[in-house]
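A, B, ... follow the sequence lines: proteins, then strands. Residue 1 opens every chain. Worth knowing before you read on, the calculation uses all heavy atoms, side chains too, and leaves out hydrogens, waters and symmetry mates.
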Amino acid sequence: MLLADKFESLLRLGDNTLILAQRLSEWCGKGPVFEEDMALTNIALDLLGQARLWLTYAGEVESKGRDEDALAYLRDAHQFRNLLLVEQPNGDYALTMARQFYFDTWHHLLLQELLKSTDERIAAIAEQAVKEVTYHLRRSSDLVTRLGAGTEESHRRMQTAVDELWPYTGEMFAPDAVDEALAAQGIICNPGQLHEPWLKHVAEVFRQATLTLPSGTWMQKGGKQGRHTEHLGYILTEMQFLQRAYPGAKW
Amino acid sequence: MSMYAQLVETGVNQLQSRAEMSAEERAFQERVDAGIKIEPKDWMPEDYRKTLIRQISQHAHSEIVGQLPEGNWITRAPTLKRKTILLSKVQDEAGHGLYLYGAAETLGVTRDQLYADLLSGKVKYSSIFNYPTLTWADIGAIGWLVDGAAIMNQIPLCRCSYGPYSRAMIRICKEEAFHMRQGYDIMIALCRDGTPEQKALAQDALNRWWWPSLMMFGPPDAESVHSAQSAQWKIKLFSNDELRQKFIDQTIPQAEYLGIRVPDPELKWNEESGHYDFGKIDWDEFWNVVKGNGPCNRERLRARVQAWEDGAWFREALVAHAEKQSQREAEATKAA
Ligand SMILES: [Fe+2]
Ligand SMILES: [Fe+2]
Ligand SMILES: [Fe+2]
């Protein structure tokens with residue numbers, strides 16, 4: 001039971017980073033300035049690296065012989081466990097940055113908790129990841145601030161973006177039975193405890209960015225349990241194309 | 001010309017003899033001949049400066065536009081490891097573009113000016129990037145052939161006479177070697193370890209990329225009117241035909257190891273010359289691609305223009321924010 005929960009939880013970690021990396025890599029070669037293009041690609045590479053560590057470990061915990069690629073390429077949408085937030089389309093650069101900022105703030109808090117995991121492997125992966133994510137968070141906080149407090153247009157775009165994605169933030173903090181079982185063993189933290197510090201950081205950055213903190217309380221949910229938005233199917237169609245078209249081939 | 005800069009005008013149609021040179025020009029040429037690097041602050045002939053700007057900026061544009069055909073497969077890479085490698089490779093190419101724009105800026109132009117010339121279509125990039133990437137095997141073929149050809153051309157440029165260019169090339173060449181290896185590694189996976197279907201993909205990719213790769217070295221020497229001057233300035237160290245031959249000689253055994261064949265019925269080893277003889281290159285196709293009639297010219301440029309235009313508000317916002325910031329700092333100092 002605990003192993004099944006741990007597998008489930010590792011999939012969530014792996015799928016969040018994988019799907020966000022996939023989204024970010026859509027920007028490669030299309031960024032608004034070269035330096036930005038390269039920085040965003042760096043973040044995609046970091047997240048992809050983390051995804052591979054989580055998924056590899058998930059496969060080992062499951063012990064049915066599935067490696068990172070079997071898990072990434074041969075599951076259907078309802079078997080993915082990522083947050084709805086990370087599968088949302090890139091939109092304009094403001095939307096990409098808003099998504100990144102909401103995610104990074106949460107991701108950074110989560111990894112800091114996972115450093116204390118009673119599972120040594122989880123703690124070790126978190127230790128590697130937290131260094132990268134510290135930089136991600138500094139960068140997205142800074143960009144949201146500058147875009148919010150930039151021009152009238154950038155402010156408008158940034159406000160629209162943070163409003164648009166707000167309903168996808170609640171899911172990050174909503175615990176389910178899997179979270180609770182693992183938190184009881186000290187393997188992961190209860191995501192509910194991340195909400196307050198998350199909100200504090202977001203509010204502080206928005207204050208500097210002259211952005212209004214959205215006040216909506218209705219939150220979308222389901223990604224963690226495999227109920228996704230329509231976007232995920234298309235992400236997977238693209239990502240999994242070769243593995244599906246040439247079953248069993250090695251690349 | 002330089003591989004990613006296939007057609008660089010030098011502004012000079014006939015070489016000057018020593019006697020025709022001014023004292024400054026003679027001193028400059030003597031430094032070049034002695035292998036002493038020319039640095040941004042040194043005196044240099046105006047045509048040398050302009051030629052270098054053209055050559056380096058064409059090369060930079062090629063790196064930047066070159067992100068697109070391979071970027072096309074990042075989201076579809078077949079394994080997470082391949083995705084990681086491809087993503088970092090395409091990111092390297094952007095980095096190469098940046099080093100090269102930086103080198104060009106030492107000659108008294110700005111990156112924005114140079115980039116505007118690319119977007120307006122005034123300055124070209126390598127014709128190779130106007131071909132489409134249709135299957136995953138194209139990613140292997142590009143690394144193997146296109147980056148392979150780039151290395152062949154750029155290693156000598158590490159010794160070119162202009163200091164900042166030569167140093168940029170040294171940095172770039174290290175990464176290009178990794179690019180070529182990852183491409184050939186994809187080809188090995190398809191051809192030697194893959195299924196017959198995968199090997200067919202690799203053969204098809206070679207069929208489509210072979211001739212355009214040979215064209216990358218630029219027109220035949222007999223038609224390269226500006227080469228002599230560039231050679232004297234040491235910003236071109238080998239002729240187009242020499243490099244092309246070297247590339248063919250290096251690549252054919254690699255194709256044999258893969259068990260695929262280049263699409264050239266006239267290709268054969270020449271015992272006497274110690275080189276491969278090869279068939280006629282379709283220079284008509286080359287000139288058409290250069291003129292804008294390649295399969296992807298319009299898409300490539302459009303993609304770049306679109307990214308630049310879509311990013312305008314972002315760049316303006318960062319500038320505006322920086323201005324507000326420095327204004328606030330100035331006011332704070334005044335108040336203090
Ligand atoms: Fe070059
Ligand atoms: Fe390059
Ligand atoms: Fe390269």
Option in B:Gln325, B:Glu70, B:Glu197, B:Glu323 with maximal non-hydrogen atom pairs under 4.5 Å from chain A: B:Glu197

Most heavy-atom pairs under 4.5 Å with chain B, out of A:Gln240, A:Met97, A:Glu153, A:Arg23, belong to A:Glu153

Does CZ in B:Arg298 sit with more than 12 non-hydrogen atoms of other residues, nucleotides or ligands closer than 6.0 Å? no

I need the minimum non-hydrogen distance between A:Cys28 and B:Gln67, along with the two atoms involved. SG-NE2, 4.3 Å

Is it the case that over 12 heavy atoms from other parts of the model lie below 6.0 angstrom from the CD atom of A:Gln79? yes

Cut-off 4.5 Å, heavy atoms of chain A, and the answer for B:Arg76 is both

Pair A:Phe34, B:Ile64 - check side chain to side chain contact (heavy atoms under 4.5 Å, CB included), show working. CA-CA 9 Å; A:Phe34 303 132; B:Ile64 295 294; 3.7 Å; yes

Look at the side chain of A:Lys250 and the backbone N and O of B:Ala189, then say whether any donor-acceptor pair between them is shorter than 3.5 Å. no

Nearest heavy atoms of B:Arg315 and A:Pro32, plus distance in Å: NH1-O, 2.8 Å

Less than 4.0 angstrom from a charged side-chain N to a carboxylate O is my criterion; do A:Glu35 and B:Arg111 meet it? yes

Below 4.5 Å from any heavy atom of chain B, which atoms of A:Ala21 appear? Answer side chain, backbone, both or neither. neither

Tell me, do A:Tyr246 and B:Thr195 make a side-chain contact under 4.5 Å, heavy atoms counted? no

Side chains of A:Glu26 and B:Ile74 in contact at under 4.5 Å (non-hydrogen atoms): no

Under a 4.5 Å cut-off applied to non-hydrogen side-chain atoms, are A:Trp251 and B:Asp193 in contact? no

Does the side chain of A:Leu143 reach to within under 4.5 Å of the side chain of B:Leu318, using non-hydrogen atoms? yes

Check the surroundings of atom CZ in B:Arg171: do more than 12 heavy atoms from other residues, nucleotides or ligands lie under 6.0 Å from it? no

For a 4.5 angstrom cut-off between non-hydrogen side-chain atoms, does A:Tyr73 reach B:Leu80? yes

Counting only heavy atoms closer than 4.5 Å, note whether A:Leu45 contacts chain B via side chain, backbone, both or neither. both

Where on B:Ile85 is there a heavy atom nearer than 4.5 Å to chain A: the side chain, the backbone, both, or neither? neither

Between the side chains of A:Glu238 and B:Thr75, is a donor N or O closer than 3.5 angstrom to an acceptor N or O? yes

Nearest 0.5 Å, please: how far is NZ in B:Lys81 from CZ in A:Arg52? 7.5 Å

With rounding to the nearest 0.5 Å, note down the distance linking CG in A:Asp92 to CH2 in B:Trp313. 5.0 Å

With heavy-atom distances below 4.5 Å as the criterion, would you say the side chains of B:Lys83 and A:Met239 are in contact? yes

Using non-hydrogen atoms and a 4.5 Å limit, figure out which bit of B:Gln91 sits close to chain A: side chain, backbone, both or neither. both

Quick one: of A:Gly31, A:Ala51, A:Gly150, who has the most non-hydrogen atom pairs under 4.5 Å with chain B? A:Gly150

Say whether, by atom type as modelled, one donor and one acceptor occur between the side chain of B:Glu316 and the main chain of A:Thr151 under 3.5 angstrom. no

Give the minimum heavy-atom separation between B:Ala317 and A:Leu147, together with the two atoms involved. CB-CD2, 3.8 Å

Please report the shortest heavy-atom distance between B:Gly95 and A:Met38, naming the atom on each side. CA-CE, 3.6 Å

Close side-chain approach of B:Gln306 to A:Lys30, heavy-atom, < 4.5 Å: no

Identify the heavy atoms of A:Gly29 and B:Leu68 that sit nearest to each other, and give their distance. O-CD2, 4.0 Å

Would you say that more than 12 heavy atoms from the other residues, nucleotides or ligands in this model lie under 6.0 Å from the NZ of B:Lys324, or not? yes

Checking heavy atoms, do the side chain of A:Ala72, its backbone, both or neither come under 4.5 Å from chain B? side chain

Indicate yes or no: at least one non-hydrogen side-chain atom of A:Thr41 is less than 4.5 angstrom from one of B:Leu87. yes

Please classify the contact of A:Leu18 with chain B as side chain, backbone, both or neither, using a heavy-atom distance under 4.5 Å. side chain

Mark yes or no for whether A:Arg157, through its side chain, and B:Phe314, through its backbone, hold a donor-acceptor pair below 3.5 Å. no

Atom group of B:Ala303 that falls short of 4.5 Å from chain A, counting heavy atoms: neither

